[in-house]
Amino acid sequence: MADTRPLLLLTRPTASSQAFRDALSERARASVDVVINPLLSIHVTGPLPDLAGMTGLIFTSANAVLAYESLKGPILDIPVIAVGEETAKAARGLGFSVRVAAGTADSVFGLIVEERFDGPLMHLRGEIAISPLAQRLTDAGVKTFEAVLYEQRLEKFSLTTKEALSQDRPTIAPVFSPRTARQLKSESEGLGAMWFAAISPAVADALPQGGQWQTRIADAPGRKDMVRLVEQMITETVTLERSKQRL
(Lines give C-alpha, C1' and ligand atoms only; values in the text may rest on other atoms or scores of the structure.)
Protein backbone atom coordinates (compact mmCIF):
# COMPACT_ATOMS: atom_id res chain seq x y z
CA MET A 1 0.00 0.00 0.00
CA ALA A 2 1.29 3.47 -0.89
CA ASP A 3 2.34 5.70 1.97
CA THR A 4 -0.39 8.25 2.65
CA ARG A 5 1.33 10.11 5.49
CA PRO A 6 1.42 13.83 4.68
CA LEU A 7 4.69 15.47 3.75
CA LEU A 8 5.68 18.63 5.61
CA LEU A 9 7.78 20.74 3.25
CA LEU A 10 9.98 23.30 5.03
CA THR A 11 11.67 25.80 2.72
CA ARG A 12 13.29 28.32 5.06
CA PRO A 13 17.08 28.20 5.67
CA THR A 14 18.02 24.95 7.39
CA ALA A 15 18.36 26.26 10.95
CA SER A 16 15.00 28.08 10.77
CA SER A 17 13.31 25.04 9.24
CA GLN A 18 14.64 22.78 11.97
CA ALA A 19 13.50 25.23 14.64
CA PHE A 20 10.00 25.32 13.14
CA ARG A 21 9.85 21.52 13.01
CA ASP A 22 10.94 21.32 16.64
CA ALA A 23 8.26 23.86 17.65
CA LEU A 24 5.51 21.51 16.45
CA SER A 25 3.89 19.17 18.94
CA GLU A 26 5.26 15.64 19.22
CA ARG A 27 1.96 14.34 17.83
CA ALA A 28 2.18 16.58 14.76
CA ARG A 29 5.79 15.61 14.08
CA ALA A 30 4.92 11.93 14.37
CA SER A 31 2.11 12.31 11.82
CA VAL A 32 4.22 13.61 8.90
CA ASP A 33 7.40 12.99 6.99
CA VAL A 34 9.50 16.16 7.01
CA VAL A 35 11.31 17.38 3.89
CA ILE A 36 13.70 20.30 4.39
CA ASN A 37 14.70 22.04 1.17
CA PRO A 38 15.63 25.71 1.63
CA LEU A 39 14.54 27.92 -1.27
CA LEU A 40 16.52 30.84 0.13
CA SER A 41 20.08 30.49 1.38
CA ILE A 42 21.71 33.07 3.64
CA HIS A 43 25.17 34.42 2.83
CA VAL A 44 26.71 36.84 5.31
CA THR A 45 28.29 39.79 3.54
CA GLY A 46 28.68 42.61 6.03
CA PRO A 47 30.36 44.81 6.82
CA LEU A 48 29.13 45.90 10.21
CA PRO A 49 28.33 49.62 10.25
CA ASP A 50 29.70 52.10 12.75
CA LEU A 51 27.36 51.76 15.74
CA ALA A 52 28.83 54.62 17.78
CA GLY A 53 26.06 56.86 19.08
CA MET A 54 23.23 54.48 18.24
CA THR A 55 20.46 54.33 20.84
CA GLY A 56 18.91 51.10 19.60
CA LEU A 57 19.19 48.32 17.03
CA ILE A 58 16.38 46.97 14.87
CA PHE A 59 16.34 43.36 13.67
CA THR A 60 13.53 42.25 11.36
CA SER A 61 14.70 38.65 11.04
CA ALA A 62 16.54 36.05 13.07
CA ASN A 63 18.89 35.73 10.09
CA ALA A 64 20.01 39.31 10.67
CA VAL A 65 20.81 38.48 14.30
CA LEU A 66 22.82 35.43 13.22
CA ALA A 67 24.66 37.52 10.63
CA TYR A 68 25.43 40.14 13.31
CA GLU A 69 26.85 37.40 15.53
CA SER A 70 28.86 35.94 12.64
CA LEU A 71 30.36 39.37 11.97
CA LYS A 72 31.31 39.58 15.68
CA GLY A 73 28.99 42.48 16.39
CA PRO A 74 29.35 43.86 19.93
CA ILE A 75 26.70 43.31 22.59
CA LEU A 76 25.81 46.90 23.38
CA ASP A 77 23.92 48.26 26.38
CA ILE A 78 21.12 49.59 24.16
CA PRO A 79 17.73 48.06 23.39
CA VAL A 80 17.03 45.80 20.43
CA ILE A 81 13.66 46.07 18.71
CA ALA A 82 12.83 42.65 17.25
CA VAL A 83 10.13 42.00 14.67
CA GLY A 84 8.76 38.92 16.47
CA GLU A 85 9.44 36.21 19.02
CA GLU A 86 11.80 34.13 16.90
CA THR A 87 14.02 37.14 16.22
CA ALA A 88 13.73 38.23 19.87
CA LYS A 89 14.85 34.81 21.07
CA ALA A 90 17.95 34.99 18.88
CA ALA A 91 18.79 38.51 20.12
CA ARG A 92 18.27 37.55 23.77
CA GLY A 93 20.57 34.60 23.18
CA LEU A 94 23.35 37.07 22.40
CA GLY A 95 22.66 39.02 25.59
CA PHE A 96 20.61 41.96 24.33
CA SER A 97 17.67 43.57 26.12
CA VAL A 98 14.81 43.14 23.65
CA ARG A 99 11.47 44.75 22.87
CA VAL A 100 9.23 42.61 20.68
CA ALA A 101 6.86 43.79 17.95
CA ALA A 102 3.93 41.83 16.56
CA GLY A 103 5.63 40.15 13.62
CA THR A 104 5.58 42.72 10.80
CA ALA A 105 7.57 45.75 9.69
CA ASP A 106 4.45 47.84 10.32
CA SER A 107 4.32 46.62 13.92
CA VAL A 108 8.01 47.50 14.40
CA PHE A 109 7.28 51.00 13.09
CA GLY A 110 4.27 51.33 15.38
CA LEU A 111 6.16 50.14 18.47
CA ILE A 112 9.02 52.57 17.91
CA VAL A 113 6.77 55.57 17.22
CA GLU A 114 4.21 54.84 19.94
CA GLU A 115 6.84 54.30 22.61
CA ARG A 116 8.76 57.37 21.44
CA PHE A 117 12.15 55.79 20.98
CA ASP A 118 14.87 58.36 20.54
CA GLY A 119 17.14 58.06 17.55
CA PRO A 120 19.46 57.41 16.04
CA LEU A 121 18.55 53.77 15.49
CA MET A 122 20.21 51.22 13.21
CA HIS A 123 18.19 48.71 11.18
CA LEU A 124 20.35 45.64 10.47
CA ARG A 125 18.83 43.57 7.67
CA GLY A 126 19.21 41.44 4.55
CA GLU A 127 19.51 42.83 1.04
CA ILE A 128 15.79 42.28 0.31
CA ALA A 129 13.45 44.43 2.40
CA ILE A 130 9.66 44.41 2.11
CA SER A 131 9.30 47.81 3.74
CA PRO A 132 11.58 50.92 3.66
CA LEU A 133 11.52 50.89 7.46
CA ALA A 134 14.51 53.17 8.08
CA GLN A 135 13.14 55.86 5.77
CA ARG A 136 9.64 55.61 7.26
CA LEU A 137 10.99 56.05 10.78
CA THR A 138 13.20 58.95 9.74
CA ASP A 139 10.24 60.63 8.06
CA ALA A 140 8.29 60.13 11.30
CA GLY A 141 10.96 61.95 13.29
CA VAL A 142 13.05 59.00 14.54
CA LYS A 143 16.41 59.20 12.76
CA THR A 144 17.18 55.67 11.56
CA PHE A 145 20.05 54.27 9.54
CA GLU A 146 20.25 50.86 7.90
CA ALA A 147 22.95 48.37 6.96
CA VAL A 148 22.78 45.17 4.89
CA LEU A 149 24.50 42.26 6.65
CA TYR A 150 23.56 39.36 4.38
CA GLU A 151 22.16 38.41 1.01
CA GLN A 152 19.46 35.86 0.25
CA ARG A 153 20.03 33.64 -2.77
CA LEU A 154 17.23 31.72 -4.44
CA GLU A 155 17.62 27.94 -4.49
CA LYS A 156 15.82 25.12 -6.31
CA PHE A 157 14.24 21.83 -5.30
CA SER A 158 16.67 18.94 -5.18
CA LEU A 159 15.90 15.80 -7.18
CA THR A 160 15.11 14.03 -3.89
CA THR A 161 12.56 16.71 -3.01
CA LYS A 162 10.95 16.56 -6.47
CA GLU A 163 10.63 12.79 -6.19
CA ALA A 164 9.02 13.09 -2.75
CA LEU A 165 6.56 15.75 -3.90
CA SER A 166 5.61 13.71 -6.98
CA GLN A 167 4.24 10.90 -4.82
CA ASP A 168 0.49 10.52 -4.41
CA ARG A 169 0.38 11.98 -0.92
CA PRO A 170 -0.61 15.39 0.43
CA THR A 171 2.03 18.04 1.09
CA ILE A 172 1.73 20.87 3.63
CA ALA A 173 4.10 23.81 3.13
CA PRO A 174 4.42 26.74 5.57
CA VAL A 175 5.52 29.90 3.72
CA PHE A 176 6.98 32.96 5.44
CA SER A 177 7.86 35.51 2.73
CA PRO A 178 6.58 36.64 -0.67
CA ARG A 179 9.96 35.91 -2.24
CA THR A 180 9.93 32.33 -1.01
CA ALA A 181 6.30 32.06 -2.15
CA ARG A 182 7.20 33.08 -5.69
CA GLN A 183 10.09 30.62 -5.81
CA LEU A 184 7.88 27.87 -4.38
CA LYS A 185 5.29 28.62 -7.05
CA SER A 186 7.91 28.21 -9.75
CA GLU A 187 9.42 25.06 -8.29
CA SER A 188 6.12 23.28 -7.57
CA GLU A 189 4.78 23.46 -11.13
CA GLY A 190 3.88 19.98 -12.33
CA LEU A 191 4.25 18.33 -8.92
CA GLY A 192 1.56 16.91 -6.66
CA ALA A 193 -1.16 18.54 -4.59
CA MET A 194 0.06 21.07 -2.06
CA TRP A 195 -1.57 22.92 0.83
CA PHE A 196 0.11 26.18 1.82
CA ALA A 197 0.12 27.81 5.26
CA ALA A 198 0.84 31.51 4.61
CA ILE A 199 2.08 33.80 7.37
CA SER A 200 0.26 36.82 5.89
CA PRO A 201 -2.11 37.89 3.10
CA ALA A 202 0.88 39.32 1.18
CA VAL A 203 2.50 35.89 1.19
CA ALA A 204 -0.78 34.22 0.19
CA ASP A 205 -1.09 36.59 -2.78
CA ALA A 206 2.31 35.43 -4.09
CA LEU A 207 1.41 31.72 -3.92
CA PRO A 208 -0.18 29.74 -6.77
CA GLN A 209 -3.97 29.71 -6.76
CA GLY A 210 -6.55 27.05 -7.63
CA GLY A 211 -6.18 23.59 -9.06
CA GLN A 212 -4.13 21.32 -6.82
CA TRP A 213 -3.10 24.24 -4.60
CA GLN A 214 -4.93 25.56 -1.55
CA THR A 215 -3.84 28.29 0.85
CA ARG A 216 -4.76 29.18 4.41
CA ILE A 217 -3.52 32.25 6.28
CA ALA A 218 -2.33 32.37 9.89
CA ASP A 219 -4.37 34.42 12.35
CA ALA A 220 -1.34 36.61 13.10
CA PRO A 221 2.11 36.94 11.49
CA GLY A 222 4.17 35.07 14.08
CA ARG A 223 5.66 31.62 14.54
CA LYS A 224 3.19 30.67 17.28
CA ASP A 225 0.23 31.23 14.97
CA MET A 226 1.98 29.49 12.08
CA VAL A 227 2.68 26.47 14.29
CA ARG A 228 -0.97 26.40 15.34
CA LEU A 229 -2.17 26.59 11.73
CA VAL A 230 0.21 23.90 10.50
CA GLU A 231 -0.78 21.58 13.36
CA GLN A 232 -4.46 22.08 12.44
CA MET A 233 -3.70 21.34 8.79
CA ILE A 234 -1.77 18.20 9.70
CA THR A 235 -4.66 16.95 11.84
CA GLU A 236 -7.22 17.66 9.13
CA THR A 237 -5.11 16.06 6.41
CA VAL A 238 -4.44 12.90 8.44
CA THR A 239 -8.16 12.60 9.23
CA LEU A 240 -9.06 13.03 5.55
CA GLU A 241 -6.55 10.41 4.40
CA ARG A 242 -7.82 7.92 6.97
CA SER A 243 -11.40 8.47 5.84
CA LYS A 244 -10.36 7.80 2.24
CA GLN A 245 -8.76 4.51 3.27
CA ARG A 246 -12.03 3.37 4.87
CA LEU A 247 -14.01 3.94 1.68
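These figures come from a predicted structure and were not determined experimentally.
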(message) Quick check: closest heavy atoms across Val142 and Asp118, and the distance to 0.1 Å?
(response) CG1-C, 4.5 Å
(message) I'd like to know if Val83 and Val148 are part of one continuous hydrophobic network [Ile/Leu/Val/Met/Phe/Trp/Tyr, side-chain heavy atoms within less than 4.5 Å].
(response) no
(request) Keeping the roles fixed (side chain from Gln152, backbone from Ile128), state whether a donor-acceptor pair exists under 3.5 Å. (result) yes
(message) Using a strict threshold of under 4.0 Å (side-chain N to carboxylate O), is an ion pair present between Lys224 and Asp219?
(response) no
(message) Are there over 12 heavy-atom neighbours, none belonging to Glu26, within less than 6.0 Å of that residue's CD?
(response) no
(request) Could you tell me which non-hydrogen atom of Leu39 sits nearest to which non-hydrogen atom of Glu187, and how far apart they are? (result) CD2-CG, 4.3 Å
(request) Answer whether the closest heavy-atom distance between the side chains of Val238 and Pro6 falls below 4.5 Å. (result) yes
(message) We want to know whether Thr45 and Glu151 form a side-chain donor-acceptor pair, criterion being a heavy-atom distance below 3.5 angstrom.
(response) no
(message) Under a plain distance cut-off of 3.5 Å, with no hydrogens placed, do Asp139 and Gln135 share a side-chain donor-acceptor pair?
(response) yes
(message) Would you say that Phe145 contacts Pro49 through its side chain, given a criterion of any heavy-atom pair below 4.5 Å between the two side chains?
(response) no
(message) Using a 3.5 Å distance criterion without hydrogens, assess whether the side chain of Asn37 forms a donor-acceptor pair with backbone atoms of Ser158.
(response) yes
(request) State yes or no: do Phe196 and Val230 share one hydrophobic cluster built from I, L, V, M, F, W and Y residues joined by side-chain heavy-atom distances below 4.5 Å, directly or via other members? (result) yes
(request) Find the distance between CZ (Phe109) and CD1 (Ile81) and round it off to the nearest 0.5 Å. (result) 13.0 Å
(message) For the CZ atom of Arg29 and the CD1 atom of Ile234, what is their distance to the nearest 0.5 Å?
(response) 10.0 Å
(request) Answer yes or no: is there a side-chain heavy-atom contact under 4.5 Å between Leu137 and Val113? (result) yes
(message) Between Leu94 and Val80, is the side-chain contact (heavy atoms from CB on, under 4.5 Å) condition met? List the steps.
(response) CA-CA 11 Å; Leu94 295 187; Val80 158; over 6 Å; no
(message) Using only atom types and a distance under 3.5 Å, with no angle test, would you say the side chain of Arg169 pairs donor to acceptor with the backbone of Arg5?
(response) yes
(request) Considering only NZ, NE, NH1 and NH2 on the basic side and carboxylate oxygens on the acidic side, decide whether Arg223 and Glu85 come within less than 4.0 Å. (result) no
(message) Using a 3.5 Å distance criterion without hydrogens, assess whether the side chain of Ser70 forms a donor-acceptor pair with backbone atoms of Leu66.
(response) no
(request) Taking all non-hydrogen atoms of both residues into account, name the closest pair between Ser17 and Arg12 and its distance. (result) OG-O, 2.8 Å
(message) For the backbone of Ala218 and the side chain of Arg228, can you confirm whether one donor and one acceptor N or O come within less than 3.5 Å of each other?
(response) no
(message) Show the nearest heavy-atom pair for residues Thr87 and Ala62, with the distance to one decimal.
(response) OG1-N, 3.1 Å
(request) Could you check if a side-chain atom of Thr55 sits within less than 4.5 angstrom of a side-chain atom of Phe117, using non-hydrogen atoms only? (result) no
(message) Check whether Glu231 reaches the backbone of Leu24 with its side chain - one donor and one acceptor, N or O, closer than 3.5 Å.
(response) no
(request) Answer yes or no: is there a side-chain heavy-atom contact under 4.5 Å between Ile112 and Ile58? (result) yes
(request) Dump the intermediate steps for side-chain contact (heavy atoms from CB on, under 4.5 Å) on Leu40 and Gln183, then the final yes or no. (result) CA-CA 9 Å; Leu40 287 177; Gln183 184 69 351; over 6 Å; no
(request) Calculate, to the nearest 0.5 Å, the distance between atoms CG and OG1 belonging to Leu133 and Thr138 respectively. (result) 9.0 Å
(message) Using a 3.5 Å distance criterion without hydrogens, assess whether the side chain of Ser188 forms a donor-acceptor pair with backbone atoms of Leu191.
(response) no
(message) Contact between Val203 and Thr215 at the side-chain level, heavy atoms closer than 4.5 Å - yes or no?
(response) no
(request) Apply side-chain contact (heavy atoms from CB on, under 4.5 Å) to Leu48 and Tyr68, showing your working. (result) CA-CA 8 Å; Leu48 281 176; Tyr68 184 84; 3.6 Å; yes
(request) Report the distance from atom CD of Glu236 to atom CZ of Arg216, rounding to the nearest 0.5 Å. (result) 4.5 Å
(message) As an exercise, state the distance from CZ of Arg179 to CG of Leu154, rounded to the nearest 0.5 Å.
(response) 4.0 Å
(request) Over all heavy atoms of both residues, which pair between Leu229 and Ile217 is shortest? Give the atoms and the distance, please. (result) CD2-C, 3.8 Å
(message) Hydrophobic clustering (ILVMFWY, side-chain heavy atoms < 4.5 Å, transitive) - are Val35 and Leu8 grouped together?
(response) yes
(request) Report yes if the side chains of Asp106 and Arg136 come closer than 4.5 Å at any heavy-atom pair, otherwise no. (result) yes
(request) Working to the nearest 0.5 Å, report the span between CZ of Arg21 and CD1 of Ile36. (result) 5.0 Å
(message) Does Asp77 have more than 12 heavy atoms from other residues, nucleotides or ligands lying within 6.0 Å of its CG?
(response) no
(message) Quick check on the hydrophobic clustering: are Met54 and Phe96 connected, directly or via other members, by side-chain heavy-atom contacts under 4.5 Å?
(response) yes
(request) Tell me whether Leu10 is reachable from Ile199 by hopping between hydrophobic residues (I, L, V, M, F, W, Y) whose side-chain heavy atoms are closer than 4.5 Å. (result) yes
(message) Give me the atom names and distance for the closest heavy-atom approach of Asn63 to Pro13.
(response) ND2-CG, 4.2 Å
